[in-house]
Amino acid sequence: MARVLKVVSAESDRRAITEIDGKDMAVYVVSNWAGGGNDRVKKLLRLRERFHKLVLVTPGKAAVDDGERLMAKPYPNATGVLRLLGLNRLKRTLDSYLYFPSTATLFVRAIRRRLAAAIGRDLASNKRVCLITTVPPHALNLLGTYIKRRYPEVHWVADWQDLWSHDENYYLQSPPPYRGRVKRMERRMLATADMNLATNAHAAAVLRDLYGVPAAKVGYINHHFSREDLTATNDNGTTAQQPKRAGVLRIGFLGTLFKPPRVPGAEIVTAISHVRNAGHDVELHIHGTVPAEIAKAHRADGSTGIVVHGRSTHELAVRQLAQYDLLLLLLADLENSRSVMSIKLPHYLMVGKPILAIVPEPSAIADIVHKTGGGIVLPSQDDWHAQFEHIISDPAPHIAALRRDQFAIERFSWEHISQEWLKVIQAAPARRAASGG
């Protein structure tokens, strides 16, 4: 069994973690904020008061956090002119061959010596150092391998928010001639990190059983929710709500719905059209990015059954979820889908509206939905369309049958998950003696 970072439930254990002194620690969090970041990283940065310092290491153009940052502009991308010419597809193709494993190496090369110098100064002043790399993009883990070669005493935590060669969305982005290199590089990263974190037990088992990572170097920390997100307001100081027609069943979705092959958005759009043609008044409201042709085809009046709201702040989008009757999760029947925990799932649980999870079973998401009583699971490996129509036609008895377990849901609160992060960070070994770096 993999070593699991168990949830802290006993008050004595919680006090013990809270009382650990981390003021001799310097913590560096590497994140590609230029790509948007996520709430997992944002909340992690809030632990800075527990340590001597906590520094966000990020591309220079990302100014999203008011704490200490170590920034560097990525080296210039020679194919950037293609974007100006509107040749984005050609640019992506050339980038995939020119920059291995991704264009994030342009940032890694630009920042690594500055990061090493900062860490060297901390070690010279007898500080314990913890380096956390949050991936994807998986090239950021190259900073971990570089720092561990320079300073073996640094405690490197690789936070695999998505796995790499196990995940079709990332592995297949590398051209076929490079895929052997992907696997070799990935294994070096897994072997070098002091702790390889996944987001759930299924993903941790993949690292242990499929990749052969020693159990002592594998753990997981679930994604979290934060109740303060429910206070989000729009620019007018009020929560944005959409008018609802009488008798309509509204389904909300947060995130990227059209991300084949893992998230088959076109399939759920077809299913919505089918149940509407069968006489059921239902709307799917999408809060997130969609392809331009999808946004153009569906009007905001709901006449097609698909309403595209686009992107907003994370907090406002979470707040808007409360107005829907059901909240949708969707994953195709792929091997990696079984080890994915959607970052939106805890927020769905916090909002308290029933979840309709069309996901493989067994899987991390199916397990969580069942254990919390948070919703209904339709196994995506089965022909779920008839059952989907059955639920949509009369959702009340299905919702009434749910047994929501609030104690189990609280395991995903930030108050709880933050204690798990403190355990991992403070596992950095004590410094043996001051060194010159």
Side-chain angles (χ1 to χ4, degrees), residues 1-2 4-15 17 39-40 43 197-205 219-231 249-255 318-331 337-380 384 387-388 390-392 394-421 423:
M1 294 294 289
V4 170
L5 302 175
K6 296 180 179 178
V7 174
V8 179
S9 56
E11 184 60 29
S12 59
D13 289 343
R14 190 180 298 276
R15 281 199 305 272
I17 293 171
D39 198 53
R40 185 175 175 97
K43 291 299 191 297
L197 284 182
T199 62
N200 62 84
H202 285 255
Y220 71 84
I221 296 180
N222 294 136
H223 292 311
H224 66 272
F225 66 78
S226 177
R227 286 187 178 81
E228 67 184 25
D229 293 343
L230 292 179
T231 66
L249 178 73
R250 300 200 300 178
I251 303 173
F253 179 88
L254 175 63
V318 169
R319 177 69 171 172
Q320 289 173 325
L321 295 176
Q323 64 190 300
Y324 300 116
D325 304 295
L326 295 169
L327 300 177
L328 175 69
L329 287 170
L330 178 67
L331 287 176
S337 297
R338 300 178 184 274
S339 57
V340 168
M341 179 188 178
S342 298
I343 198 168
K344 66 175 73 69
L345 175 54
H347 301 95
Y348 280 15
L349 292 171
M350 173 185 67
V351 169
K353 292 302 179 76
I355 297 168
L356 185 58
I358 306 173
V359 297
E361 189 174 25
S363 66
I365 290 179
D367 288 356
I368 292 170
V369 172
H370 284 312
K371 290 177 181 178
T372 59
I376 304 160
V377 174
L378 303 185
S380 59
W384 51 266
Q387 192 175 1
F388 176 77
H390 176 67
I391 292 171
I392 295 303
D394 187 14
H398 302 279
I399 294 174
L402 297 176
R403 296 294 179 263
R404 185 176 170 88
D405 186 339
Q406 193 60 38
F407 178 80
I409 290 171
E410 288 300 316
R411 295 162 68 96
F412 300 97
S413 69
W414 173 244
E415 290 79 10
H416 199 95
I417 296 298
S418 63
Q419 303 301 311
E420 295 300 307
W421 276 111
K423 288 170 62 177

Return the minimal non-hydrogen interatomic distance between [X] and [Y], and the atom names on each side.
X	Y	result
A204	A198	N-CB, 3.6 Å
S413	R227	CB-NH1, 4.4 Å
P360	S337	CG-CB, 3.7 Å
L349	G374	CD2-CA, 4.1 Å
S226	M350	O-SD, 3.3 Å
G375	L402	O-CD2, 3.2 Å

Can you tell me how far apart [atom1] ([X]) and [atom2] ([Y]) are? Round to the nearest 0.5 Å.
X	Y	atom1	atom2	value
I251	F388	CD1	CZ	4.5 Å
L356	I358	CG	CD1	5.0 Å
L230	F225	CG	CZ	9.0 Å
R338	L331	CZ	CG	10.5 Å
L321	L328	CG	CG	11.5 Å
I376	L326	CD1	CG	6.5 Å

Quick one: side-chain contact (heavy atoms from CB on, under 4.5 Å) partners of [X], sequence neighbours excluded?
X	answer
Q387	L378, I391
H202	N200, S339, A364, D367
I343	N38, R40, H223

Side chain to side chain, [X] and [Y], heavy atoms closer than 4.5 Å:
X	Y	result
V359	V340	no
V377	I365	no
I355	L345	yes
R411	N222	no
D39	V318	no

**Request:** Using the test ring-ring contact (aromatic ring centres under 6.0 Å, His included), find all partners of F412 that sit at least two apart in sequence or belong to another chain.
**Result:**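 Not a single residue meets the ring-ring contact (aromatic ring centres under 6.0 Å, His included) criterion with F412.
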
**Prompt:** By salt bridge (charged side-chain N to carboxylate O under 4.0 Å, His left out), which residues pair with R403, not counting sequence neighbours?
**Reply:**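 Residues passing salt bridge (charged side-chain N to carboxylate O under 4.0 Å, His left out) with R403: none at all.
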
**Asked** Sequence neighbours excluded, which residues qualify as salt bridge (charged side-chain N to carboxylate O under 4.0 Å, His left out) partners of D325?
**Response**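 With neighbours one apart ignored, the set is K244.
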
**Side-chain (S363) to main-chain (A366) donor-acceptor, under 3.5 angstrom** =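 Such a contact is found between S363 side chain and A366 backbone.
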
**Message:** Quick test of your reading: applying side chain to side chain donor-acceptor pair (under 3.5 Å), list the pairs with at least one residue in residues 344-362, sequence neighbours left out, ordered by first then second residue.
**Reply:**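 Qualifying pairs, neighbours excluded: H314-H347, E361-H370.
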
